[in-house]
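Working notes, structure below.
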Protein chains: 2
Amino acid sequence: MSQDEAGVDLETSLGYLLKEASSALRAAMEAVLRPLGMTVTHYSCLELLAQRPGLSNSELARGAFVTRQSMNVLLQALERDGYVTRPAEAPVGKVLPARLTPRGRRSLAKASAAVRSVEVRMLSGMTDAEQSAAYAALQSMIRSLQTPSS
Amino acid sequence: MSQDEAGVDLETSLGYLLKEASSALRAAMEAVLRPLGMTVTHYSCLELLAQRPGLSNSELARGAFVTRQSMNVLLQALERDGYVTRPAEAPVGKVLPARLTPRGRRSLAKASAAVRSVEVRMLSGMTDAEQSAAYAALQSMIRSLQTPSS
DNA sequence: CAAGGTATGTCAGACTGCTGACATGAGTCA
DNA sequence: TGACTCATGTCAGCAGTCTGACATACCTTG
(Lines give C-alpha, C1' and ligand atoms only; values in the text may rest on other atoms or scores of the structure.)
Protein backbone atom coordinates (compact mmCIF):
# COMPACT_ATOMS: atom_id res chain seq x y z
CA MET A 1 0.00 0.00 0.00
CA SER A 2 1.25 3.41 -0.92
CA GLN A 3 0.02 5.19 2.18
CA ASP A 4 0.90 8.75 1.30
CA GLU A 5 2.48 9.52 -2.01
CA ALA A 6 3.89 12.88 -2.95
CA GLY A 7 1.14 15.46 -3.13
CA VAL A 8 0.16 16.70 -6.54
CA ASP A 9 -2.10 19.46 -7.75
CA LEU A 10 -5.03 18.37 -5.66
CA GLU A 11 -2.93 18.86 -2.57
CA THR A 12 -2.36 22.50 -3.40
CA SER A 13 -6.00 23.24 -4.17
CA LEU A 14 -7.86 25.31 -1.64
CA GLY A 15 -11.11 23.78 -2.85
CA TYR A 16 -9.88 20.29 -2.12
CA LEU A 17 -8.55 21.34 1.25
CA LEU A 18 -11.87 22.95 2.08
CA LYS A 19 -13.66 19.72 1.27
CA GLU A 20 -11.17 17.78 3.35
CA ALA A 21 -11.60 20.04 6.35
CA SER A 22 -15.36 19.97 6.06
CA SER A 23 -15.31 16.20 5.77
CA ALA A 24 -13.13 15.88 8.86
CA LEU A 25 -15.39 18.21 10.81
CA ARG A 26 -18.48 16.31 9.78
CA ALA A 27 -16.91 12.98 10.72
CA ALA A 28 -15.88 14.33 14.11
CA MET A 29 -19.37 15.68 14.75
CA GLU A 30 -21.00 12.43 13.70
CA ALA A 31 -18.69 10.57 16.06
CA VAL A 32 -19.75 12.55 19.11
CA LEU A 33 -23.43 12.81 18.11
CA ARG A 34 -23.92 9.14 17.30
CA PRO A 35 -23.88 8.05 20.98
CA LEU A 36 -26.68 10.56 21.53
CA GLY A 37 -28.72 9.12 18.67
CA MET A 38 -28.47 12.30 16.65
CA THR A 39 -27.38 13.17 13.14
CA VAL A 40 -25.64 16.40 12.20
CA THR A 41 -28.73 17.77 10.47
CA HIS A 42 -30.82 16.78 13.48
CA TYR A 43 -28.51 18.72 15.78
CA SER A 44 -28.32 21.67 13.42
CA CYS A 45 -32.07 21.96 13.39
CA LEU A 46 -32.31 22.01 17.19
CA GLU A 47 -29.43 24.47 17.54
CA LEU A 48 -30.99 26.82 15.02
CA LEU A 49 -34.31 26.72 16.84
CA ALA A 50 -32.64 27.41 20.18
CA GLN A 51 -30.91 30.48 18.84
CA ARG A 52 -33.78 31.73 16.72
CA PRO A 53 -37.12 30.47 18.02
CA GLY A 54 -39.93 30.54 15.51
CA LEU A 55 -37.96 29.76 12.40
CA SER A 56 -39.98 28.20 9.61
CA ASN A 57 -39.28 24.92 7.89
CA SER A 58 -37.75 26.63 4.88
CA GLU A 59 -35.56 28.88 7.01
CA LEU A 60 -34.32 25.90 8.99
CA ALA A 61 -33.51 24.10 5.76
CA ARG A 62 -31.38 26.99 4.55
CA GLY A 63 -29.63 27.21 7.88
CA ALA A 64 -28.81 23.53 7.91
CA PHE A 65 -27.84 23.43 4.23
CA VAL A 66 -30.45 20.91 3.14
CA THR A 67 -33.56 21.23 1.00
CA ARG A 68 -36.83 22.22 2.60
CA GLN A 69 -38.18 18.78 1.69
CA SER A 70 -35.49 17.05 3.71
CA MET A 71 -35.98 19.39 6.63
CA ASN A 72 -39.71 18.78 6.50
CA VAL A 73 -39.22 15.03 6.97
CA LEU A 74 -36.94 15.70 9.92
CA LEU A 75 -39.28 18.26 11.45
CA GLN A 76 -42.22 15.88 11.28
CA ALA A 77 -40.20 13.25 13.12
CA LEU A 78 -39.05 15.75 15.73
CA GLU A 79 -42.61 16.93 16.18
CA ARG A 80 -43.90 13.38 16.49
CA ASP A 81 -41.29 12.60 19.15
CA GLY A 82 -42.01 15.76 21.09
CA TYR A 83 -38.84 17.76 20.55
CA VAL A 84 -40.48 20.49 18.56
CA THR A 85 -43.92 22.05 18.28
CA ARG A 86 -45.60 23.77 15.37
CA PRO A 87 -49.03 25.37 15.36
CA ALA A 88 -51.69 23.41 13.52
CA GLU A 89 -52.52 26.45 11.42
CA ALA A 90 -50.32 29.18 10.11
CA PRO A 91 -50.75 32.49 11.97
CA VAL A 92 -49.95 34.26 8.71
CA GLY A 93 -49.58 32.88 5.22
CA LYS A 94 -48.38 29.29 5.07
CA VAL A 95 -45.38 29.72 7.32
CA LEU A 96 -45.44 27.48 10.39
CA PRO A 97 -43.09 28.83 13.09
CA ALA A 98 -41.38 25.99 14.98
CA ARG A 99 -40.27 26.04 18.59
CA LEU A 100 -38.33 23.75 20.90
CA THR A 101 -40.17 21.92 23.66
CA PRO A 102 -38.52 21.51 27.07
CA ARG A 103 -37.63 18.01 25.97
CA GLY A 104 -36.02 19.35 22.84
CA ARG A 105 -34.06 21.83 24.90
CA ARG A 106 -32.77 19.10 27.19
CA SER A 107 -31.78 16.95 24.25
CA LEU A 108 -29.95 19.84 22.65
CA ALA A 109 -28.00 20.64 25.81
CA LYS A 110 -26.02 17.42 25.69
CA ALA A 111 -25.46 17.58 21.97
CA SER A 112 -24.39 21.18 22.15
CA ALA A 113 -21.70 20.40 24.70
CA ALA A 114 -20.40 17.54 22.57
CA VAL A 115 -20.25 19.65 19.45
CA ARG A 116 -18.59 22.50 21.26
CA SER A 117 -15.82 20.15 22.35
CA VAL A 118 -15.23 19.25 18.72
CA GLU A 119 -14.99 22.88 17.72
CA VAL A 120 -12.60 23.58 20.57
CA ARG A 121 -10.41 20.71 19.41
CA MET A 122 -10.52 21.98 15.84
CA LEU A 123 -9.30 25.41 16.92
CA SER A 124 -6.80 24.12 19.45
CA GLY A 125 -3.78 24.58 17.21
CA MET A 126 -4.63 28.07 15.98
CA THR A 127 -3.90 31.48 17.38
CA ASP A 128 -6.61 34.11 17.57
CA ALA A 129 -5.06 35.87 14.61
CA GLU A 130 -5.13 32.70 12.55
CA GLN A 131 -8.75 32.15 13.47
CA SER A 132 -9.63 35.65 12.37
CA ALA A 133 -7.78 35.15 9.11
CA ALA A 134 -9.60 31.88 8.48
CA TYR A 135 -12.90 33.55 9.28
CA ALA A 136 -12.29 36.34 6.80
CA ALA A 137 -11.06 33.96 4.13
CA LEU A 138 -14.07 31.66 4.40
CA GLN A 139 -16.47 34.59 4.24
CA SER A 140 -14.73 35.86 1.15
CA MET A 141 -15.05 32.46 -0.54
CA ILE A 142 -18.74 32.25 0.33
CA ARG A 143 -19.37 35.73 -1.00
CA SER A 144 -17.63 34.99 -4.29
CA LEU A 145 -19.41 31.69 -4.78
CA GLN A 146 -22.85 33.03 -4.03
CA THR A 147 -22.58 35.30 -7.04
CA PRO A 148 -23.91 33.21 -9.93
CA SER A 149 -21.23 32.60 -12.54
CA SER A 150 -23.41 32.84 -15.64
CA MET B 1 -40.05 36.65 5.73
CA SER B 2 -37.22 37.60 8.04
CA GLN B 3 -34.50 37.32 5.45
CA ASP B 4 -31.46 37.98 7.58
CA GLU B 5 -31.90 38.56 11.25
CA ALA B 6 -29.12 39.63 13.53
CA GLY B 7 -26.43 36.99 13.61
CA VAL B 8 -26.13 34.95 16.76
CA ASP B 9 -23.65 32.42 17.98
CA LEU B 10 -23.86 30.27 14.89
CA GLU B 11 -22.76 33.19 12.80
CA THR B 12 -19.56 33.54 14.77
CA SER B 13 -18.70 29.84 14.67
CA LEU B 14 -15.82 28.82 12.44
CA GLY B 15 -17.31 25.35 12.19
CA TYR B 16 -20.57 26.71 10.85
CA LEU B 17 -18.74 28.97 8.44
CA LEU B 18 -16.67 26.04 7.25
CA LYS B 19 -19.81 24.08 6.54
CA GLU B 20 -21.33 27.05 4.77
CA ALA B 21 -18.31 27.51 2.55
CA SER B 22 -18.10 23.84 1.75
CA SER B 23 -21.79 23.75 0.93
CA ALA B 24 -21.45 26.75 -1.37
CA LEU B 25 -18.49 25.17 -3.13
CA ARG B 26 -20.30 21.90 -3.58
CA ALA B 27 -23.38 23.62 -4.96
CA ALA B 28 -21.27 25.63 -7.40
CA MET B 29 -19.47 22.50 -8.55
CA GLU B 30 -22.71 20.60 -8.99
CA ALA B 31 -24.09 23.46 -11.02
CA VAL B 32 -21.25 23.37 -13.56
CA LEU B 33 -20.91 19.57 -13.61
CA ARG B 34 -24.59 18.82 -14.07
CA PRO B 35 -24.67 19.94 -17.73
CA LEU B 36 -21.84 17.46 -18.30
CA GLY B 37 -23.80 14.65 -16.67
CA MET B 38 -21.33 14.33 -13.84
CA THR B 39 -21.57 14.33 -10.06
CA VAL B 40 -18.89 15.75 -7.80
CA THR B 41 -17.73 12.30 -6.73
CA HIS B 42 -17.67 11.21 -10.36
CA TYR B 43 -15.42 14.12 -11.23
CA SER B 44 -13.24 13.63 -8.15
CA CYS B 45 -12.60 10.04 -9.14
CA LEU B 46 -11.50 10.98 -12.65
CA GLU B 47 -9.34 13.84 -11.41
CA LEU B 48 -7.63 11.63 -8.86
CA LEU B 49 -6.90 9.01 -11.51
CA ALA B 50 -5.48 11.62 -13.86
CA GLN B 51 -3.08 12.89 -11.24
CA ARG B 52 -2.19 9.53 -9.75
CA PRO B 53 -2.71 6.73 -12.28
CA GLY B 54 -3.07 3.29 -10.78
CA LEU B 55 -4.89 4.23 -7.62
CA SER B 56 -6.96 1.44 -6.11
CA ASN B 57 -10.64 1.55 -5.31
CA SER B 58 -10.00 2.12 -1.61
CA GLU B 59 -7.48 4.86 -2.25
CA LEU B 60 -9.89 6.61 -4.58
CA ALA B 61 -12.58 6.37 -1.94
CA ARG B 62 -10.39 8.06 0.65
CA GLY B 63 -9.41 10.74 -1.84
CA ALA B 64 -13.01 11.49 -2.69
CA PHE B 65 -14.23 11.29 0.92
CA VAL B 66 -16.69 8.45 0.41
CA THR B 67 -16.70 4.82 1.53
CA ARG B 68 -14.98 2.21 -0.59
CA GLN B 69 -18.37 0.61 -1.21
CA SER B 70 -19.70 3.79 -2.75
CA MET B 71 -16.61 4.25 -4.85
CA ASN B 72 -16.87 0.66 -6.00
CA VAL B 73 -20.36 1.26 -7.36
CA LEU B 74 -19.11 4.30 -9.23
CA LEU B 75 -16.00 2.55 -10.55
CA GLN B 76 -18.04 -0.32 -11.92
CA ALA B 77 -20.25 2.11 -13.79
CA LEU B 78 -17.24 4.04 -15.11
CA GLU B 79 -15.64 0.78 -16.20
CA ARG B 80 -18.82 -0.40 -17.90
CA ASP B 81 -19.08 2.89 -19.80
CA GLY B 82 -15.45 2.84 -20.86
CA TYR B 83 -14.02 5.74 -18.84
CA VAL B 84 -11.77 3.59 -16.70
CA THR B 85 -10.00 0.24 -16.97
CA ARG B 86 -8.98 -2.21 -14.31
CA PRO B 87 -7.09 -5.46 -14.83
CA ALA B 88 -9.17 -8.62 -14.52
CA GLU B 89 -6.78 -9.97 -11.92
CA ALA B 90 -4.75 -8.23 -9.26
CA PRO B 91 -1.03 -8.01 -10.08
CA VAL B 92 -0.34 -8.25 -6.37
CA GLY B 93 -2.66 -8.94 -3.45
CA LYS B 94 -6.27 -7.96 -4.09
CA VAL B 95 -5.55 -4.38 -5.14
CA LEU B 96 -6.81 -3.53 -8.62
CA PRO B 97 -5.04 -0.45 -10.01
CA ALA B 98 -7.41 1.72 -12.06
CA ARG B 99 -6.47 3.86 -15.04
CA LEU B 100 -8.22 6.39 -17.25
CA THR B 101 -9.02 5.45 -20.83
CA PRO B 102 -8.65 8.06 -23.58
CA ARG B 103 -12.38 8.51 -23.36
CA GLY B 104 -12.11 9.10 -19.64
CA ARG B 105 -9.39 11.65 -20.23
CA ARG B 106 -11.51 13.52 -22.76
CA SER B 107 -14.48 13.54 -20.40
CA LEU B 108 -12.32 14.83 -17.59
CA ALA B 109 -10.87 17.64 -19.69
CA LYS B 110 -14.21 19.44 -19.97
CA ALA B 111 -15.12 18.86 -16.33
CA SER B 112 -11.73 19.99 -15.16
CA ALA B 113 -12.04 23.28 -16.97
CA ALA B 114 -15.48 23.86 -15.49
CA VAL B 115 -14.32 23.10 -11.96
CA ARG B 116 -11.25 25.26 -12.35
CA SER B 117 -13.46 28.19 -13.24
CA VAL B 118 -15.37 27.68 -10.02
CA GLU B 119 -12.19 27.67 -7.98
CA VAL B 120 -10.96 30.78 -9.72
CA ARG B 121 -14.22 32.49 -8.88
CA MET B 122 -13.97 31.36 -5.28
CA LEU B 123 -10.50 32.85 -4.94
CA SER B 124 -11.26 35.99 -6.90
CA GLY B 125 -11.66 38.23 -3.89
CA MET B 126 -8.61 37.07 -1.99
CA THR B 127 -5.01 38.17 -2.09
CA ASP B 128 -2.21 35.62 -2.25
CA ALA B 129 -1.46 36.26 1.40
CA GLU B 130 -5.07 35.59 2.35
CA GLN B 131 -5.03 32.38 0.36
CA SER B 132 -1.90 31.23 2.13
CA ALA B 133 -3.42 32.06 5.48
CA ALA B 134 -6.57 30.13 4.62
CA TYR B 135 -4.48 27.21 3.45
CA ALA B 136 -2.53 27.08 6.71
CA ALA B 137 -5.66 27.46 8.80
CA LEU B 138 -7.52 24.65 7.04
CA GLN B 139 -4.55 22.34 7.38
CA SER B 140 -4.35 23.12 11.07
CA MET B 141 -8.03 22.31 11.53
CA ILE B 142 -7.66 19.02 9.67
CA ARG B 143 -4.66 18.06 11.72
CA SER B 144 -6.43 18.78 15.00
CA LEU B 145 -9.57 16.92 13.98
CA GLN B 146 -7.78 13.84 12.74
CA THR B 147 -6.48 13.26 16.25
CA PRO B 148 -9.17 11.15 17.91
CA SER B 149 -10.72 12.95 20.87
CA SER B 150 -11.08 9.98 23.20
C1' DC C 1 5.91 -21.61 10.84
C1' DA C 2 1.29 -20.67 12.65
C1' DA C 3 -1.87 -17.00 14.34
C1' DG C 4 -3.65 -12.81 14.78
C1' DG C 5 -4.46 -8.25 12.95
C1' DT C 6 -5.20 -5.29 9.11
C1' DA C 7 -6.59 -3.90 4.44
C1' DT C 8 -8.79 -5.00 0.31
C1' DG C 9 -12.79 -5.91 -3.22
C1' DT C 10 -17.44 -6.93 -3.45
C1' DC C 11 -22.43 -8.09 -2.63
C1' DA C 12 -26.84 -6.87 -0.47
C1' DG C 13 -30.12 -4.04 2.07
C1' DA C 14 -31.46 0.31 4.22
C1' DC C 15 -31.52 5.11 4.53
C1' DT C 16 -30.86 9.99 3.75
C1' DG C 17 -31.26 13.74 0.90
C1' DC C 18 -32.42 15.35 -3.67
C1' DT C 19 -35.35 16.40 -7.88
C1' DG C 20 -39.87 16.99 -9.63
C1' DA C 21 -44.45 18.48 -8.93
C1' DC C 22 -48.62 20.49 -6.94
C1' DA C 23 -51.71 23.72 -4.44
C1' DT C 24 -51.85 27.71 -1.66
C1' DG C 25 -50.84 32.35 0.30
C1' DA C 26 -48.48 37.04 -0.09
C1' DG C 27 -46.62 40.83 -2.38
C1' DT C 28 -46.24 43.64 -6.97
C1' DC C 29 -47.65 46.09 -10.89
C1' DA C 30 -50.53 47.52 -14.61
C1' DT D 1 -59.26 44.49 -9.21
C1' DG D 2 -56.87 40.82 -11.73
C1' DA D 3 -52.57 38.78 -13.53
C1' DC D 4 -47.90 37.72 -12.43
C1' DT D 5 -44.21 36.40 -9.61
C1' DC D 6 -42.33 34.43 -5.70
C1' DA D 7 -42.04 31.60 -1.40
C1' DT D 8 -43.98 28.18 1.29
C1' DG D 9 -45.53 23.31 2.92
C1' DT D 10 -46.06 18.87 1.39
C1' DC D 11 -46.35 14.47 -1.39
C1' DA D 12 -44.12 11.09 -4.38
C1' DG D 13 -40.17 8.83 -6.74
C1' DC D 14 -35.26 8.34 -7.40
C1' DA D 15 -30.14 8.52 -6.96
C1' DG D 16 -26.24 8.34 -4.14
C1' DT D 17 -24.22 6.94 -0.05
C1' DC D 18 -23.91 4.34 4.04
C1' DT D 19 -23.85 0.16 7.22
C1' DG D 20 -23.30 -4.73 7.56
C1' DA D 21 -21.18 -8.80 6.04
C1' DC D 22 -18.11 -12.04 3.70
C1' DA D 23 -13.94 -14.06 1.54
C1' DT D 24 -9.37 -13.21 0.58
C1' DA D 25 -4.46 -11.50 0.68
C1' DC D 26 -0.60 -9.26 3.09
C1' DC D 27 2.09 -8.33 7.27
C1' DT D 28 3.46 -8.63 11.57
C1' DT D 29 4.63 -11.22 16.07
C1' DG D 30 5.41 -14.94 18.98
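Both backbone and side-chain heavy atoms feed into the values below; hydrogens, waters and symmetry mates do not. Letters go in sequence order (proteins before strands), and every chain restarts at 1.
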Carefully, step by step, assess A/E79 and A/T85 under the rule side-chain hydrogen bond (donor to acceptor under 3.5 Å, both in side chains). CA-CA 6 Å; A/E79 206 172 357; A/T85 47; over 6 Å; no
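OP1 or OP2 of D/dA7 has not a single side-chain nitrogen or oxygen of A/R62 nearer than 4.0 Å. Taking side-chain N and O atoms only, B/R34 has no distance below 4.0 Å to OP1 or OP2 of D/dA15.
Residue pairs meeting the ring pair (Phe, Tyr, Trp, His ring centres under 6.0 Å) criterion with at least one member in residues 58-102 of chain B, sequence neighbours excluded, are A/Y16-B/F65.
In this structure, B/M29 atom CE and D/dG16 atom C1' are separated by 16 Å, rounded to whole Å. Between the P atom of D/dT17 and the CG atom of B/N57 lies a distance of 13 Å, rounded to the nearest Å. The CD atom of A/E30 sits 17 Å away from the P atom of C/dC15 (whole-angstrom rounding). Distance CG (B/L96) to C1' (D/dT24): 12 Å, rounded to an integer number of Å. What separates CG of A/L60 from C1' of D/dT8 is a distance of 13 Å, to the nearest Å.
Listed by chain and residue number, nothing satisfies the side chain to side chain donor-acceptor pair (under 3.5 Å) test with B/S44 (two or more places apart in sequence, or in another chain). Every residue was checked against the salt bridge (Lys or Arg N to Asp or Glu O under 4.0 Å) condition with A/R105, not counting sequence neighbours, and none meets it.
Taken together through direct or relayed side-chain contacts under 4.5 Å among Ile, Leu, Val, Met, Phe, Trp and Tyr, A/L55 and A/L108 form part of one hydrophobic cluster.
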Atom pairs and distances, donor-acceptor, side-chain atoms in residues 25-37 of chain A, under 3.5 Å, two or more places apart:
none

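Nearest-nucleotide mapping onto DNA chain D: of A/R86 and B/K94, the residue sitting toward the 5' end is A/R86.
Shown here for A/S144 and B/R121, the closest heavy-atom pair between the two residues is CB-O, 3.2 Å. Pairing each heavy atom of B/V95 with each of B/P97, the nearest pair is O-CD, 3.3 Å.
No contact: A/T39 has no heavy atom under 4.0 Å from any strand.
Side-chain contact between A/S70 and A/T41: absent, with no pair of heavy atoms (C-beta onward) separated by less than 4.5 Å.
One end of the helix from C/dC1-D/dG30 to C/dA30-D/dT1 points its axis 40° away from the other end's axis, with each axis taken from 5 pairs and the angle rounded to 10°.
Heavy-atom distances under 4.0 Å link DNA chain C to B/R68, B/Q69, B/N72, B/Q76 of residues 65-81 of chain B, given in residue order.
Set against C/dG17, D/dG9, C/dT8, the side chain of A/S56 has D/dG9 as its closest nucleotide.
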